[in-house]
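A, B, ... follow the sequence lines: proteins, then strands. Residue 1 opens every chain.
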Amino acid sequence: MKVSVQREDFDLGAEVKAISGDTSTGAVASFVGIVRDVVMTLEHYPGMTDKALHKIVEEAGSRWKVKDCTVIHRYGELQPGAQIVMVAVASAHRGDAFAACEFIMDYLKTQAPFWKKEHRPEGANWVEARASDDQAAERWKEPGK
Amino acid sequence: MKVSVQREDFDLGAEVKAISGDTSTGAVASFVGIVRDVVMTLEHYPGMTDKALHKIVEEAGSRWKVKDCTVIHRYGELQPGAQIVMVAVASAHRGDAFAACEFIMDYLKTQAPFWKKEHRPEGANWVEARASDDQAAERWKEPGK
Amino acid sequence: MKVSVLYFASLREQLGNAGEELDLPQTITTITALKAHLRERGGAYETAFAEKALVRAAVNQEMVKADAAFKAGDELAFFPPVTGG
Amino acid sequence: MKVSVLYFASLREQLGNAGEELDLPQTITTITALKAHLRERGGAYETAFAEKALVRAAVNQEMVKADAAFKAGDELAFFPPVTGG
């Protein structure tokens, strides 16, 4: 399990390779979040981000059969097209890999202390939290998920 | 949209980058299938594989908001740890990317004409289709999915 | 009616046949009928195309149900349930 | 009771304050009580910690509900709903 909060960019291919080595691993699901068409600054709460991400990863590991997992989240100024976040989950089978990866993203969106500020020509503004993100996290609380 | 059926290995990171360029793309979900602990030969039906994969990708594009998408499936002899298949889906938002990526994998598993033969010390044998794969594909037929 | 028929994977090995050109009687126009026709060859064909055997079919490279029809010149294929991905 | 309090993102800008050390009256032991206490400062604090304001809180770097308690020496934090990922 690897969790990293960093300014630097990351290499999805290398990170996926790094968790694919176990001969019982048959599936790796991954996700990359990308800056759309506006420059942004990502602020975080240094003492808490690492803790929060570890907690989310552990929760995923208790719900699904996860062989290995990597979560990287960047902070600082990011240009359009830049990678913001990646999650990769290695499992024996794809069902576990997909579910755990999506779960980690949904929880990260509502539980990890990051905030985006967008820099537009008309001025800078903080991105507002989206109700759809709360809903996405909520659905994992349904029984059977 | 890119579909490729090939002997050669692929580079997940490069493929994901290649479909991430649009400034309206905010999310790329991807999947890699990996050979577990046994050497295998992947046979396919050359005239049909490409067609079947394109059809699955088009179906995904009609159900979710997909900006771009890449599917690569290898054939021939593959060693343990080798990459077999990858699917990457770029969307504005992660919900569409995850759903379309998982849908493509589930349909590919039951609709694309590939067959795995495992080479074990005690002899070679064809992998049997799994009922769980049929179930995984079936669930996309439920209304609301 | 002339058609070409391909066999894949375990089915190809079981039959010892990767494919053949067939000139079928006029009455045989569906996958179900063709399977019955091949079954009559006996031996490996009788086993491979038994009613209970899990054999999938394609007509012109599209997977079809057992009651699908075909016409002269079509490329037909039989194979076991797929196991890619 | 001494605690440290941190403010993040739009809340930090709104208050013009990234954090401070506070020596609180004995009666203030929950996030709800602390928010009311800060509200009494008036100005930006009154607005930022209004009953209806969406302010999240953490105690010792774990997100908590408004009725959570804290003790001397804890690191408290207030921030808007998160928007990472």
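When the heavy atoms of residues 100-110 of chain B are compared with those of chain A, the residues falling under 4.5 Å are B/Cys101, B/Glu102, B/Met105, B/Asp106, B/Lys109, listed by number. Annotation: residues 25-36 of chain B contacts chain A through B/Thr25, B/Gly26, B/Ala27, B/Val28, B/Ala29, B/Ser30, B/Phe31, B/Val32, B/Gly33, B/Ile34, B/Val35, B/Arg36 [non-hydrogen atoms, separation under 4.5 Å]. At a heavy-atom cut-off of under 4.5 Å, chain A is reached by B/Gln83, B/Ala92, B/His93 from residues 77-93 of chain B, listed in order of number.
Looking at residues two or more places apart in sequence or on another chain, you find a ring pair (Phe, Tyr, Trp, His ring centres under 6.0 Å) between B/Tyr75 and B/His44.
Annotation: A/Gln6, atom CD; neighbour count of heavy atoms from other residues, nucleotides and ligands within 6.0 Å is above 12. For A/Lys55, the NZ atom is loosely surrounded, since the number of other residues' heavy atoms within 6.0 Å does not exceed 12.
A salt bridge links B/Arg94 with A/Asp133: the closest approach of a Lys/Arg side-chain nitrogen to an acidic carboxylate oxygen falls below 4.0 angstrom.
Interface check for chain A: of the options B/Ala97, B/Gly21, B/Ser24, the most heavy-atom pairs under 4.5 Å are formed by B/Ser24.
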